[in-house]
Chemist: 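Following this message is one structure expressed as structure tokens.
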Amino acid sequence: MADADHFDKLKQAIIDQDEDEVLEAVNAALADGIGAKTVIDQGLLPGLNVIGEQFEDEEIFLPELMQAALAFQAAMTILEPKIKEEGTAGEKKGVVVLGTVKGDLHSIGKNILKLLYETSGFEAHDLGIDVDLFSFINKAKEVDADIIAISALLTTTLVGQRDVIDALKDAGERDRYKVLVGGGATTREWAESIGADGWAATAYEAVTLSTSLVS
Amino acid sequence: MIDLIEVFDRAETGPLISETDYYMKRYVPKLSEVIARHKVKWDKQTIINTDDTLTDAVFEAAVDLIAEAGAYCPETNRVMQFSRDEIEVACAQAPRGATFGEGRERKTMYGRRPDATDDRPWVHVGGGIYTSDEQVYMVTVEKMASFSIVDSVSVPSILHLRGKDSRVRSPREILAACKTVRLAREGIRRSGRAGLPIINGISAASQPASMFAASYPDFGLRPSDGFLIDFLSEMVVGYEALQKVAFYNSISANIGSTSTPLFGGYAGGAEGVAVTATAYMIMGNLVFRGSYHYNAPLHSKLHLSSTKPLIWAIAMSNAAIGRNMGYPMVNLPYLGGGSGTKQYHYEMACYMLAVVTSGGNVFSGHPAMAVQSDSLVPDDHRFHAEIGLAAAKLTRAEAEPIAQKLFPLFGDKLKDPDKGLTFQEVYDMQTKRIVNAEYQKAMDEVREELAGMGLEVPVS
């Protein structure tokens, strides 16, 4: 099979959100001598791009996005050891630490964001919901993050976003990270008032903005 | 019906499962299965469904979804399971009416049936929008309560104390919650209708402790008001919700079971939202012992409820419950247009035509996705209540062509809605009269346009 045919199969398997089909296509490509990084860059990531566009256009929804991400993650369990062997590890777009602020238990928007980050080539570290402000900062230090993305849905939890920024300033580390805020209770004006680096109305916008911030 | 203690036990005895597995191995596949099994399908054009074979299929799919997926308790990581018999008994024994208020304002909100053109729906106005100033707060509540067609109010929130906003779970939040209730009750008293009920519970409270504190009778709330208890999307029944269930059942208060299924989230598209919204209403009685339901499906990206598939799904869930359960419902719209804009009025008219003809009661909606402070403008809400009462005289079949005419007037604006006005930009703070001529003109013009489309909206 020609390389281009392998790439088409890999891409389609991701678009179909079919884990078995993805694994079969990955193994077939590797067996034909295609490098692991090439499998990702020319097969799986183009499929994930289509998935991201379909999600943005409301042709598919969160369950399908999750299914595609799970299929991609399954493929990576095969590909990551190969990449190490090949010494072809590529650059990630960036490293993101994300979560919902202290006192806020809402997760769906943040879960969508995590999936879109992962399927767009970012390394995403999801701290979950009800996250202590120092957990954001400590994790960002630990993984040498580029971006801290903070969600808040409730008006009474908005201040948690400001607290993270203030704590970064107090620690003299504000310039080390880009801070993005979002969530149902937030507005662009709010983001500007607390000195965030960016605000996004949707998860897709957040990923687009993040890409521009780290490039 | 299974008793409350048994419900609580289900959160401690059901199968253990991680949250991700609950969604990916239970809720999501079961939702797909029940949608396919019952042939639930939106045709991508209809706004108000009139096919009651489909309506009843949505109800059956919702019953199947609860029976097969259960609810999820994140504190115990367990699935709360209910048998089909238990669910059907809860539907059969659900309240058909909820009585609110005191004295001469004491009235009953009933569950309505689709196409019930000969009843007067309950009229609820307002919303929990953030308010920046105590005077604005008081006048907002007073004006809303003073409208004679209004049966109950949702009061805005006021979070600041000594110039600082309260934060979640702080002692300041408890004080803000108590203050909200005191001011709201005083605003209602000033309207001359002291017994009028507040049915959005405590808008400034995000935690049980704040709700319970502000429920202390001296602050002015009574069991005959309504207290909202939320499902966390999707199908999540958390301990905070169950704590509220325990408390408000213990004081025999009206409970408003509340749900916000997300279009584009785990529920997927129109069909998934319709089925999940219906399931929440059933669980509102089964799990929360609700007296009424606050139905608030929302778009996960746009943060509003006025897209075509969402209005279809919301109306469908009203019809499904109206035909098969009779539980009293109001629907909380989050609209894109700001206060006083024609877009806001068009969205509300389209939404009201759909839900009121499908069996919902009348509830005015949040402008500007509820994120603009001081945007609760009472005369918007009177107008929207009037639209709701006018819509109640129509059948779904009569309402559908009007809704189809309205949708193009706002559909393309939902991604970038028109900005609106604040309370202070509309009213004279001393006389409390409208002083913004453009505001009044826009409303008058929309009233004329609606009449031209076949919806006469008399001034109350």
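Per chain, numbering begins at 1; letters A, B, ... match sequence-line order.
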Chemist: Using side-chain heavy atoms (C-beta onward) and a distance below 4.5 Å, is B/Arg167 in contact with A/Arg162?
Modeler: no
Chemist: Answer yes or no: does atom CD of A/Glu59 have more than 12 heavy-atom neighbours from other residues, nucleotides or ligands under 6.0 Å?
Modeler: yes
Chemist: Checking heavy atoms, do the side chain of A/Tyr204, its backbone, both or neither come under 4.5 Å from chain B?
Modeler: neither
Chemist: Does CG in B/Asp43 sit with more than 12 non-hydrogen atoms of other residues, nucleotides or ligands closer than 6.0 Å?
Modeler: yes
Chemist: Using a cut-off of under 4.5 Å on heavy-atom pairs, state which of A/Leu158, A/Asp163, A/Thr186 scores highest against chain B.
Modeler: A/Asp163
Chemist: For residues A/Pro63 and B/Gly265, report the shortest heavy-atom separation together with the two atoms involved.
Modeler: CD-O, 3.3 Å
Chemist: What do you reckon, is CG of A/Asp57 surrounded by more than 12 foreign heavy atoms closer than 6.0 Å?
Modeler: yes
Chemist: Identify the two heavy atoms, one from B/Leu232 and one from A/His106, that lie closest to each other, and give their separation to 0.1 Å.
Modeler: CD2-NE2, 3.9 Å
Chemist: Apply side chain to side chain contact (heavy atoms under 4.5 Å, CB included) to A/Thr187 and B/Gln372, showing your working.
Modeler: CA-CA 9 Å; A/Thr187 61; B/Gln372 184 188 356; over 6 Å; no
Chemist: Can you say whether A/Glu64 sits under 4.5 Å from chain B via the side chain, the backbone, both, or neither, judging by heavy atoms?
Modeler: neither
Chemist: Given heavy-atom pairs under 4.5 angstrom as the criterion, report whether the side chain, backbone, both or neither of A/Leu65 touches chain B.
Modeler: neither
Chemist: Are side-chain heavy atoms of B/Glu19 and A/Ser107 found at a separation under 4.5 Å?
Modeler: yes
Chemist: Quick check for you: among B/Glu173, B/Met24, B/Glu234, which has the greatest number of heavy-atom pairs under 4.5 Å with chain A?
Modeler: B/Met24
Chemist: Could you check whether atom NZ of B/Lys179 has more than 12 heavy atoms from other residues, nucleotides or ligands sitting under 6.0 Å from it?
Modeler: yes
Chemist: Going from CD1 on A/Ile112 to OG on B/Ser300, what distance comes out if it is rounded to the nearest 0.5 angstrom?
Modeler: 4.5 Å
Chemist: Test salt bridge (Lys or Arg N to Asp or Glu O under 4.0 Å) on A/Glu205 and B/Lys301; report intermediate values, then the result.
Modeler: CA-CA 10 Å; A/Glu205 282 180 31; B/Lys301 285 184 271 191; over 6 Å; no
Chemist: For the pair A/Asn111 and B/Tyr266, evaluate side chain to side chain contact (heavy atoms under 4.5 Å, CB included) and give the outcome as yes or no after the intermediate values.
Modeler: CA-CA 10 Å; A/Asn111 291 349; B/Tyr266 293 114; 3.1 Å; yes
Chemist: For B/Thr307 and A/Glu58: C-alpha separation, side-chain torsions, deciding distance, then whether side chain to side chain contact (heavy atoms under 4.5 Å, CB included) applies.
Modeler: CA-CA 12 Å; B/Thr307 67; A/Glu58 296 181 0; over 6 Å; no
Chemist: Below 4.5 Å, heavy-atom pairs only: which of A/Lys102, A/Met66, A/Gln67 has the largest tally toward chain B?
Modeler: A/Met66
Chemist: Could you report the tightest heavy-atom contact between A/Leu154 and B/Ser206, atom names first, then the distance?
Modeler: CD1-CB, 4.2 Å
Chemist: Could you tell me which non-hydrogen atom of A/Ala201 sits nearest to which non-hydrogen atom of B/His303, and how far apart they are?
Modeler: O-CE1, 3.5 Å
